Amino acid sequence: MTTPRLIVHGGAGEWLNFDETVVQDGVRAAAAAGWSVLAAGGTALEAVEAATIKLEDHPLFDAGYGSFINQEGEVEMDALLCDGATLTFGSVAAVRRVKNPIILARLVMTRTPHHIFAGDGADQLAARLGLPIISNIELITEKEFAHYRSRHKDAPPRLGLGTGTVGAVAIDAAGNLASATSTGGTPDKPKGRIGDSPIYGAGGYARNRAGACSATGQGEHIMRVFLCKEAADRMQDLTAPEALTAAGAFMAGYIPNSDMGIIGIDWQGNLGAYHTTRAMPIAWVMGDGAVKTAMRWDGGAF
Ligand code: ASP
């Protein structure tokens, strides 16, 4: 019997000019949602999905409602759900008409013989599987729309962005590991651009007896080193904090000065976080049910 634990993140970035209390309330609510699943005897997979839905629904984070708008003025979202118990995953890329891409990623995993759906085909699958289909505009917050308009009036780039891709990793009472990642991608991305988030092994990964990870940051860099697989593999022998730091150093060896972040949990239940950015809001639960939050990992133990 393992003590269930989980950790969530709200995206590696500057997070300047944000009310840190509001940001931490957002990740706290997500961790609490995930924890309530684990506390009721649910699986790690169900817990990370529940936590991610909360973050997707929160307007502050770059996932689901509140996603960054691309150059065409639309939201295109990516998500990945990884099951460490069965070594499988579901992934969606460039979806535009679902409220919660992480639910669609789960349906890809559980209801189709495939692993990745993209674009219109993914939205059509959502409709076939009974998910509500919404119009793209319903995903756009007023704040994001204002940013989009200012960008297209030759305004200087936005400052103080929190690049708020979201993620969650968990271990359940049976010792099963899972991870979830969801994003609207990078701000002002070209239509059709896909980052690391929906790429298995890059934006997320989970394998029992090793670890579960979720990444955030510059996707074009993260995917080159399969950051989450790299970190999780190291968790066979290292604790999560050690493995994440080692994977971060491995990445920096190829791509110095990249903006990146990652959370993880190893098979023994150790939690970890690592980021090169000024901030990465996190919330975690160690097994006593108390949700703790921070705007950044301070280098210490959880
Ligand atoms: N990794 C995401 C992407 O490249 C963005 C982020 O985490 O901020 O799409």
Side-chain angles (χ1 to χ4, degrees), residues 1-9 12 31 34 38 43-45 47-48 51 80-89 91 167-181 196-197 199-219 221-256 258 260-277 280 282-288 292 294 296-302:
M1 180 90 172
T2 309
T3 306
R5 289 179 182 174
L6 92 159
I7 177 167
V8 309
H9 76 79
L38 291 173
T43 64
L45 197 67
V48 295
L80 169 66
L81 187 68
C82 302
D83 182 8
T86 53
L87 202 65
T88 192
F89 72 99
S91 168
V169 297
I171 190 165
D172 61 29
N176 291 320
L177 293 164
S179 85
T181 307
D196 62 305
S197 305
I199 298 177
Y200 184 57
Y205 185 71
R207 180 158 55 87
N208 279 14
R209 310 301 297 172
C213 298
S214 172
T216 165
Q218 191 59 51
H221 297 166
I222 293 166
M223 65 175 78
R224 284 170 55 194
V225 296
F226 283 103
L227 182 64
C228 285
K229 169 91 165 82
E230 192 61 46
D233 280 352
R234 288 166 198 261
M235 290 182 200
Q236 287 178 159
D237 305 313
L238 300 177
T239 65
E242 291 166 347
L244 297 182
T245 303
F250 172 80
M251 180 169 163
Y254 288 95
I255 311 157
S258 183
M260 55 77 73
I262 182 168
I263 55 169
I265 184 163
D266 65 45
W267 61 277
Q268 302 188 80
N270 299 298
L271 304 180
Y274 179 86
H275 55 101
T276 59
T277 49
M280 182 176 75
I282 47 177
W284 65 97
V285 185
M286 292 296 285
D288 56 0
K292 304 217 170 94
R296 59 193 61 79
W297 180 53
D298 64 2
F302 286 91

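If you read the sequence from its start, that first residue is 1, and numbering goes on from there. Note that the structure is a prediction, hence the values are computed from the model and not measured.
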Practice item. Quick one: do Val48 and Leu81 satisfy side-chain contact (heavy atoms from CB on, under 4.5 Å)? Show the steps, please. Key: CA-CA 8 Å; Val48 295; Leu81 187 68; 3.8 Å; yes
Practice item. Evaluate the side-chain contact (heavy atoms from CB on, under 4.5 Å) criterion for residues Met260 and His275: first the C-alpha distance (whole Å), next the side-chain angles of each, then the deciding distance (0.1 Å), finally the verdict. Key: CA-CA 6 Å; Met260 55 77 73; His275 55 101; 5.5 Å; no
If I compare all heavy atoms of [X] with all of [Y], which pair ends up nearest, and what's the gap?
X      : Y      : answer
Leu80  : Gly204 : CD2-N, 3.5 Å
Ala51  : Leu6   : CB-CD1, 4.5 Å
Ala215 : Leu227 : CB-CD2, 4.1 Å
Gly264 : Met235 : CA-CE, 4.2 Å
Ala232 : Ala210 : O-CB, 3.5 Å
Ala231 : Ala243 : O-CB, 3.6 Å

Rounded to the nearest 0.5 Å, how far does [atom2] of [Y] lie from [atom1] of [X]?
X      : Y      : atom1 : atom2 : answer
Glu230 : Ile222 : CD    : CD1   : 13.5 Å
Thr2   : Leu38  : OG1   : CG    : 11.5 Å
Lys229 : Ile199 : NZ    : CD1   : 15.5 Å
Asp83  : Asn176 : CG    : CG    : 7.0 Å
Cys82  : Leu177 : SG    : CG    : 11.0 Å
Met280 : Trp297 : CE    : CH2   : 9.0 Å

Review point. Does NZ or CZ of Arg234 lie under 6.0 Å from the centre of the six-membered ring of Phe250, at an angle within 45° of the ring axis?
Key: yes
**Study point:** Within 6.0 angstrom of Tyr200 OH, more than 12 heavy atoms from elsewhere
**Key:**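 Yes - once you tally the heavy atoms of other residues, nucleotides and ligands closer than 6.0 Å, there are more than 12.
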Check your understanding: Between His221 and Met251, is any pair of side-chain heavy atoms under 4.5 Å apart?
Key ->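 A side-chain contact under 4.5 Å exists here.
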Practice item. Decide yes or no for Asp233 and Arg207: does some side-chain heavy atom of the first lie under 4.5 Å from some side-chain heavy atom of the second? Key: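 Yes, their side chains come closer than 4.5 Å.
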[X] (side chain) donor-acceptor with [Y] (main chain) under 3.5 angstrom:
X      : Y      : result
Ser179 : Val169 : no
Trp284 : Phe302 : no
Arg5   : Val285 : no
Asp172 : Ala44  : yes
Thr216 : Ala12  : yes

Exercise for review: Let me know which of Ile262, Leu271, Thr239 forms a side-chain contact (heavy atoms from CB on, under 4.5 Å) with Leu244.
Suggested key: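 Going through the options one by one, the only one that passes is Ile262.
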Practice item. Determine whether the side chains of Ser214 and Thr181 contain a donor N or O and an acceptor N or O closer than 3.5 Å. Key: yes
**Study point:** Note: Asp196-Arg224 ion pair, threshold 4.0 Å (strictly below)
**Key:** no
